[in-house]
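Working notes for the structure below.
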Amino acid sequence: MLLPRLVAVGLLVAPAFSFAACPTPVAEVPLSEQHGKLLLPVGIQGSPEVIALDTGAGITVVSTEAASRLEILHDFDHHFELGGVGGADSVLYIGKIDHFDLGPLHLPPQRFPIVDMPMRTDAGQPVSGLLGADILHAFDVDIDIAGGRLTLWRAGACGGGGPDWADVVNPISIDLDEGNHVLLPVRVGEANLSAILDTGASDFVLTERAALRAGLTEDGLADDPVLRGTGVNNRAYRGHYHRFDKVQFAGVAFPHVPTAIVPSANISSYNALIGADALLGVSLLQHTRLFISYRSRALYVRPLQSRAVE
């Protein structure tokens with residue numbers, strides 16, 4: 001759920017890809033959910049690594065541990081600011097990645113920010129980075145959490161009609177901000193809100209301001225359990241946990257959704273979120289199958305349980 005932006009000398013060049021013809025996917029890799037994180041195998045500098053799928057990250061990043069272990073060279077001519085729930089931070093180290101492989105997809109040489117990441121797999125293996133929207137937005141992206149699979153298709157390869165599993169003809173219209181974060185409407189209580197589809201967030205997250213709009217009172221918030229978390233480069237923040245009676249997303253009502261309430265200033269002060277009220281995290285998304293078409297600005301969603309909105 002990192003939300004980076006480039007603020008430095010020079011520009012990083014977007015990756016160029018060669019695509020296979022429809023209906024062959026560009027890449028298909030295993031996807032596993034572990035403690036609210038979606039993990040997948042990649043190759044970095046020829047080494048097999050595990051990274052997290054993070055649609056809420058504008059830029060793919062590499063962990064400090066992996067950069068050191070793989071002896072990744074630094075590019076000192078650039079730096080980034082990273083923003084997220086924990087606030088904003090500056091990243092001065094950029095890694096030069098000559099080989100980054102996602103299944104059969106081989107990316108050209110890249111430059112990625114290097115950040116501290118304490119995340120580990122269930123087996124104790126360090127998570128070596130985040131796969132962000134700078135790479136994902138070049139494709140149609142099929143996220144099948146229950147089926148344990150991430151599939152990348154050439155954008156619009158099959159005529160822009162959506163996936164063959166889609167139950168609806170008309171997808172949800174989405175917006176993209178400057179970091180290619182996917183923005184879409186959600187309804188919490190009686191409030192219509194905007195949310196970022198964020199596979200890097202474990203929880204459904206609301207700002208305090210949005211929670212009050214959704215009917216939570218300040219006294220009620222004070223009575224809720226305290227949440228302590230960490231954001232960018234392990235920066236700590238404090239919030240609360242609350243359960244709203246109903247969260248509506250993509251035409252489906254999800255009852256009693258556990259929600260992390262975070263200070264509004266931590267998010268709204270960082271302009272990459274352009275005023276979004278919420279993050280749709282894995283705790284909610286794991287009950288759906290998702291197909292994101294960045295170029296068409298369309299999102300197809302299949303609920304894994306039939307819970308139609310009343």
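Reckoned from all heavy atoms, side chains included, excluding hydrogens, waters and symmetry mates.
- Side-chain atoms of Glu28 do not come within 3.5 Å of backbone N or O of Val26 as any donor-acceptor pair.
- Aromatic ring centroids of Phe244 and His242 lie under 6.0 Å apart.
- How far CD of Glu33 is from CG of Leu38: 6.5 Å, rounded to the nearest 0.5 Å.
- Counting all heavy atoms, side chain and backbone alike, Gly58 lies closest to His181 at N-NE2, 3.5 Å.
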- Message: Applying side-chain contact (heavy atoms from CB on, under 4.5 Å) to Ser202 and Lys37, what does each step give before you reach the verdict?
- Response: CA-CA 6 Å; Ser202 300; Lys37 301 297 180 183; 3.6 Å; yes
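- Side-chain contact between Tyr294 and Val141 is present, with heavy atoms from C-beta onward closer than 4.5 Å.
- Considering all non-hydrogen atoms of both residues, Thr199 and Val282 come closest at O-CG2, 3.4 Å.
- Scanning both residues, Ala211 and Leu206, for their nearest heavy atoms gives CA-CD1, 4.1 Å.
- Contact check for Leu70 versus Ile44: side-chain heavy atoms found under the 4.5 Å cut-off.
- Checked by atom type and distance alone, the side chain of Lys96 never pairs as donor or acceptor with a backbone atom of Gln110 at under 3.5 Å.
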- Query: Going through the distances and angles, do Thr151 and Phe139 end up as a side-chain contact (heavy atoms from CB on, under 4.5 Å)?
  - Reply: CA-CA 9 Å; Thr151 306; Phe139 305 98; over 6 Å; no
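- Closest non-hydrogen pair, Gly132 versus Thr60, comes out as N-OG1, 3.0 Å.
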- Message: Run the side-chain contact (heavy atoms from CB on, under 4.5 Å) test on Leu184 and Phe249 for me, step by step, so that the C-alpha distance in whole Å, both residues' side-chain angles and the decisive distance to 0.1 Å come before the verdict.
- Response: CA-CA 9 Å; Leu184 68 160; Phe249 155 59; 3.2 Å; yes
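- In this structure, OG1 in Thr259 is found 11.0 Å from CG in Leu227, a value given to the nearest 0.5 Å.
- Not a single donor-acceptor pair under 3.5 Å links the side chain of Arg213 to the backbone N or O of Ala191.
- For Gln45 and Ser47, the side-chain atoms include no donor-acceptor pair closer than 3.5 Å.
- Annotation: salt bridge (charged side-chain N to carboxylate O under 4.0 Å, His left out) contacts involving residues 215-225, sequence neighbours excluded, are absent.
- A donor-acceptor pair under 3.5 Å is absent between the side-chain atoms of Thr288 and the main chain of Leu290, judged by distance alone.
- The shortest heavy-atom contact between Ile174 and Ser293 is CD1-O, 4.3 Å.
- Side-chain contact check for Val62 versus Ile97: some heavy-atom pair is nearer than 4.5 Å.
- Among residues at least two apart or in separate chains, salt bridge (charged side-chain N to carboxylate O under 4.0 Å, His left out) pairs with a member in residues 56-67 are Glu65-Arg69.
- Taking hydrophobic clusters as Ile, Leu, Val, Met, Phe, Trp and Tyr residues chained together by side-chain heavy-atom distances below 4.5 Å, Leu212 does not share a cluster with Val205.
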- Could you check Val301 against Phe291 for side-chain contact (heavy atoms from CB on, under 4.5 Å), going step by step and ending with a plain yes or no? CA-CA 7 Å; Val301 179; Phe291 185 92; over 6 Å; no
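- Cluster annotation: Leu152 and Leu176 are assigned to the same hydrophobic cluster (Ile/Leu/Val/Met/Phe/Trp/Tyr, side-chain heavy-atom contacts under 4.5 Å, transitive).
- Rounding to the nearest 0.5 Å gives a distance of 8.5 Å between CG of Asp198 and CG of Leu280.
- Panel note: side chain Gln34, backbone Asp122; a donor-acceptor pair is recorded below 3.5 Å.
- With a 4.5 Å cut-off on side-chain heavy atoms, Val61 and Pro113 count as touching.
- Rounding to the nearest 0.5 angstrom, the gap separating the CG atom in Asp277 from the CZ atom in Arg209 is 8.5 Å.
- In this structure a side-chain-to-backbone donor-acceptor pair under 3.5 Å is present from Thr64 to Val115.
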- Under the side chain to side chain donor-acceptor pair (under 3.5 Å) rule, what do Asp203 and Tyr241 come out as? Steps first, then yes or no, please. CA-CA 10 Å; Asp203 298 314; Tyr241 264 120; 2.7 Å; yes
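- Although no hydrogens or angles enter the test, the distance criterion places a donor-acceptor pair under 3.5 Å between the side chain of Asp177 and the main chain of Gly179.
- Rounding to the nearest 0.5 Å gives a distance of 9.0 Å between CD of Gln125 and CG of Leu39.
- No more than 12 heavy atoms of other residues, nucleotides or ligands sit less than 6.0 Å from atom CG of Asp245.
- Of all non-hydrogen atoms in Phe112 and Asp134, the two that sit nearest each other are CE2-OD2, 3.9 Å.
- Residues Lys246 and Pro255 fail the side-chain proximity criterion, which asks for heavy atoms closer than 4.5 Å.
- For the atom pair CG (Leu197) and OG1 (Thr55), the distance works out to 4.5 Å, reported to the nearest 0.5 Å.
- Pairs engaging residues 279-295 under the salt bridge (charged side-chain N to carboxylate O under 4.0 Å, His left out) rule: Asp142-Arg289, Asp144-Arg289 [sequence neighbours left out].
- Taking the six-membered ring for Trp, Phe254 and Phe204 have ring centres at least 6.0 Å apart.
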